Amino acid sequence: MRYEHEAPECSELSVRWYRHPEDTTLGYRDWRLMSHFQPIFSIAHGRLVGLEALLRPRHADEDVSALHFFSLTLSPEELAWRDRLARRLHYENFRPLSGDDLWLFVNRVPLADIAAEDELPPGLDPHQVVIELTEGESTDSGLLRELVARYRALGHLVALDDFGARHSNLDRLFTLAPDIVKLDRKLILLADEDVRVRRSLHRLVALIRDTGALVLFEGVETAAQAWLAVEAEADLVQGFHYARPQPRAFALKSTWGAREKLHGPLRAHPRRQHTRRLPEDLDRIFRQTLRRVALGETFPRASAELIARPEVYRAYLLDAHGRQLGHSASRVPLTQLRYLPLADGAGALWSARPYFRRAIAMPGRIHLTDPYLSVPDGTWVRTLSATAHGEAGSFVVCADLAADALDPENAP
């Protein structure tokens with residue numbers, strides 16, 4: 001243990017280090033600072049890959065939030081000093097846990113200008129440190145770009161924290177090009193409650209991954225939310241469902257048993273679109289429609305029995321180039337007048353849509369899309385499609401089903 005007399009703020013002499021075998025704490029004026037670590041896991045690998053360092057401050061012998069310690073009413077110099085001080089404490093505590101296959105995630109306050117670069121203790125390499133940056137309403141884009149460039153030059157990885165919260169901007173995914181994007185917990189909660197958000201989550205993950213970043217779901221607290229992370233194909237996860245933040249002495253022990261929570265959903269629930277089957281009677285009627293089209297029947301007659309099915313919104317016929325032949329056959333009246341200019345699909349070219357491209361690429365098979373927003377009336381649907389070959393040529397028969405027809409547990 002080492003003790004130094006208190007000195008003015010923003011001074012090395014104002015810091016007191018208390019080193020114990022279990023952990024290291026730090027005294028700064030009337031503050032006592034401690035590190036806790038929350039494990040971060042890779043779903044595919046089923047193991048721990050990182051620890052996020054979280055500051056646990058005490059002020060006047062009372063536990064307070066880290067935000068209180070980093071009050072924005074402080075002078076820029078004091079804020080920058082406290083920001084660096086917290087990371088130095090985390091580096092010191094992480095060092096006994098570190099390994100080449102383990103990242104340390106540390107936060108920094110975006111508004112705290114860098115007065116001097118962090119000095120890593122011996123045995124901790126730059127590539128092991130992931131710097132978390134948070135964008136806010138007042139965060140300057142130029143400063144964020146400067147921080148990303150500077151930390152990259154030092155050999156660190158950069159994570160964009162709380163993405164999907166209040167002031168997140170999609171353009172920053174491309175301008176900042178972070179290595180890891182952490183989705184805000186509020187987005188996960190919304191997806192757990194709202195089927196529309198749940199349907200979009202996979203697309204958001206795909207978009208982020210297209211920028212070259214890994215996707216981390218934070219704040220996963222329940223088995224249902226863990227399943228959402230698997231379903232959306234997230235790369236990394238953290239949250240109370242897997243392990244809670246702990247002091248250094250207990251951080252790694254808290255990961256015991258996490259592997260089953262990571263791989264359990266993968267084994268028990270393969271992605272639905274890989275195993276989904278049509279109801280036997282719907283499959284029979286759709287194939288019968290294909291045969292009637294191939295024999296040259298008019299589409300309204302050929303699709304009459306299909307349209308009578310309760311889960312079918314509409315059916316329509318495309319030529320070999322993806323152009324819709326005639327109006328859609330439907331038993332459901334148009335109710336969404338805000339989409340009225342898009343309601344008539346006759347002559348529309350659907351050649352870029354997945355249901356057409358898959359039917360043409362793999363003839364002889366029936367294809368079913370993931371849910372999407374339908375143009376004619378703004379409803380969520382899945383589209384059945386398959387090719388029909390006859391003397392008059394090749395056609396693609398399409399039928400829009402209610403999005404939840406084959407997955408009743410996902411109904412809005």
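As a basis for the values below, the full set of heavy atoms in this structure was taken, side chains included, without hydrogen atoms, waters or symmetry mates. Since the model is a prediction, treat every value here as computed from it, not as a measurement.
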Could you tell me if [Y] and [X] have a donor-acceptor pair between their side chains, going purely by distance under 3.5 Å?
X: Ser385; Y: His367; value: no
X: Gln38; Y: Gln238; value: yes
X: Gln324; Y: Asp319; value: no
X: Thr73; Y: Ser71; value: yes
X: Arg314; Y: Tyr316; value: no

Rounded to the nearest 0.5 Å, what's the gap from [atom1] on [X] to [atom2] on [Y]? Could you check?
X: Leu278; Y: Arg382; atom1: CG; atom2: CZ; result: 10.5 Å
X: Leu97; Y: Leu104; atom1: CG; atom2: CG; result: 9.5 Å
X: Leu306; Y: Cys398; atom1: CG; atom2: SG; result: 11.0 Å
X: Asp161; Y: Leu183; atom1: CG; atom2: CG; result: 10.5 Å
X: Ile131; Y: His156; atom1: CD1; atom2: NE2; result: 5.0 Å
X: Leu48; Y: Ser42; atom1: CG; atom2: OG; result: 10.5 Å

Hey, does the side chain of [X] reach the backbone of [Y] with a donor-acceptor pair shorter than 3.5 angstrom?
X: Thr289; Y: Ile285; result: yes
X: Arg16; Y: Arg29; result: yes
X: Ser330; Y: Tyr313; result: yes
X: Lys186; Y: Gly164; result: no
X: Arg56; Y: Met34; result: no
X: Arg58; Y: Val64; result: no
X: Arg203; Y: Arg199; result: yes
X: Asn93; Y: Arg248; result: no
X: Arg287; Y: Ile366; result: no

Do [X] and [Y] have side chains that approach each other closer than 4.5 Å (heavy atoms only, starting at C-beta)?
X: Tyr28; Y: Trp81; answer: yes
X: Gln246; Y: His36; answer: no
X: Phe217; Y: Asp235; answer: no
X: Tyr18; Y: Leu26; answer: no
X: Leu173; Y: Val181; answer: yes
X: Leu51; Y: Ile40; answer: no
X: Thr369; Y: Val381; answer: no
X: Trp103; Y: Leu236; answer: yes

Lys NZ or Arg CZ of Arg82 over Phe69 ring: under 6.0 Å, within 45°
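Geometry flag: set, cation within 6.0 Å and 45°.
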Is it true that the NZ or CZ of Arg353 lies under 6.0 Å from the centre of Tyr355's six-membered ring and within 45 degrees of the ring axis?
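Output no; distance or angle outside limits.
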I'd like to know whether Trp380 forms a ring-ring contact (aromatic ring centres under 6.0 Å, His included) with Tyr372, so could you lay out the CA-CA distance, the side-chain angles of the two residues, the decisive distance to 0.1 Å, and finally the verdict.
CA-CA 5 Å; Trp380 283 88; Tyr372 68 96; 8.0 Å; no
Describe, in one word, how the ring planes of Phe37 and His90 are oriented to each other, choosing from parallel (under 30°), tilted (30 to 60°) and perpendicular (over 60°).
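It falls in the perpendicular class, over 60°.
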Close aromatic pair by centroid cut-off 6.0 Å: His68 and Trp31
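They qualify: ring centres under 6.0 Å apart.
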CA sep, side-chain torsions, deciding dist, call: Val106, Val129, side chain to side chain contact (heavy atoms under 4.5 Å, CB included):
CA-CA 7 Å; Val106 292; Val129 177; 3.9 Å; yes
Step through the shown structure and confirm whether more than 12 heavy atoms of other residues, nucleotides or ligands are within 6.0 Å of CZ on Arg32.
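It does: Arg32 CZ has more than 12 such atoms within range.
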Tell me, yes or no, whether the heavy-atom count around His45 atom NE2, taken from other residues, nucleotides or ligands under 6.0 Å, exceeds 12.
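Open.
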With salt bridge (charged side-chain N to carboxylate O under 4.0 Å, His left out) as the criterion, how do Asp194 and Arg196 come out once you've worked through the C-alpha distance, each side chain's angles and the decisive distance to 0.1 Å?
CA-CA 5 Å; Asp194 192 327; Arg196 295 170 300 173; 2.9 Å; yes
Looking at every non-hydrogen atom in both residues, tell me the closest pair between Val130 and Val158 and how far apart they are.
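What the structure gives for the nearest pair is CG1-C, 4.3 Å.
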Looking at every heavy atom in both His59 and Asp30, which two are closest together, and how far apart are they?
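Of all heavy-atom pairs spanning His59 and Asp30, the closest is NE2-OD2, 3.1 Å.
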For a side chain to side chain contact (heavy atoms under 4.5 Å, CB included) check, start with the C-alpha distance between Asp101 and Val49, then their side-chain angles and the critical distance, and finish with the verdict.
CA-CA 6 Å; Asp101 58 350; Val49 294; over 6 Å; no
Start with the C-alpha distance between Asp192 and Gln225, add both sets of side-chain angles, then the distance that settles side chain to side chain contact (heavy atoms under 4.5 Å, CB included), and finish with yes or no.
CA-CA 6 Å; Asp192 198 13; Gln225 293 168 8; 3.6 Å; yes
Dump the intermediate steps for salt bridge (charged side-chain N to carboxylate O under 4.0 Å, His left out) on Arg198 and Glu193, then the final yes or no.
CA-CA 8 Å; Arg198 190 153 63 247; Glu193 300 169 353; over 6 Å; no
Lys/Arg N to Asp/Glu carboxylate O, Arg152 vs Asp179, below 4.0 Å
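Salt bridge: yes.
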Let me see the working for Leu401 and Thr383 under side chain to side chain contact (heavy atoms under 4.5 Å, CB included), right down to the final yes or no.
CA-CA 6 Å; Leu401 314 180; Thr383 298; over 6 Å; no
Check step by step if salt bridge (charged side-chain N to carboxylate O under 4.0 Å, His left out) holds for Arg185 and Glu218.
CA-CA 6 Å; Arg185 179 174 180 270; Glu218 58 182 345; over 6 Å; no
Going through the distances and angles, do Arg19 and Glu92 end up as a salt bridge (charged side-chain N to carboxylate O under 4.0 Å, His left out)?
CA-CA 10 Å; Arg19 292 182 172 87; Glu92 185 73 21; 3.4 Å; yes
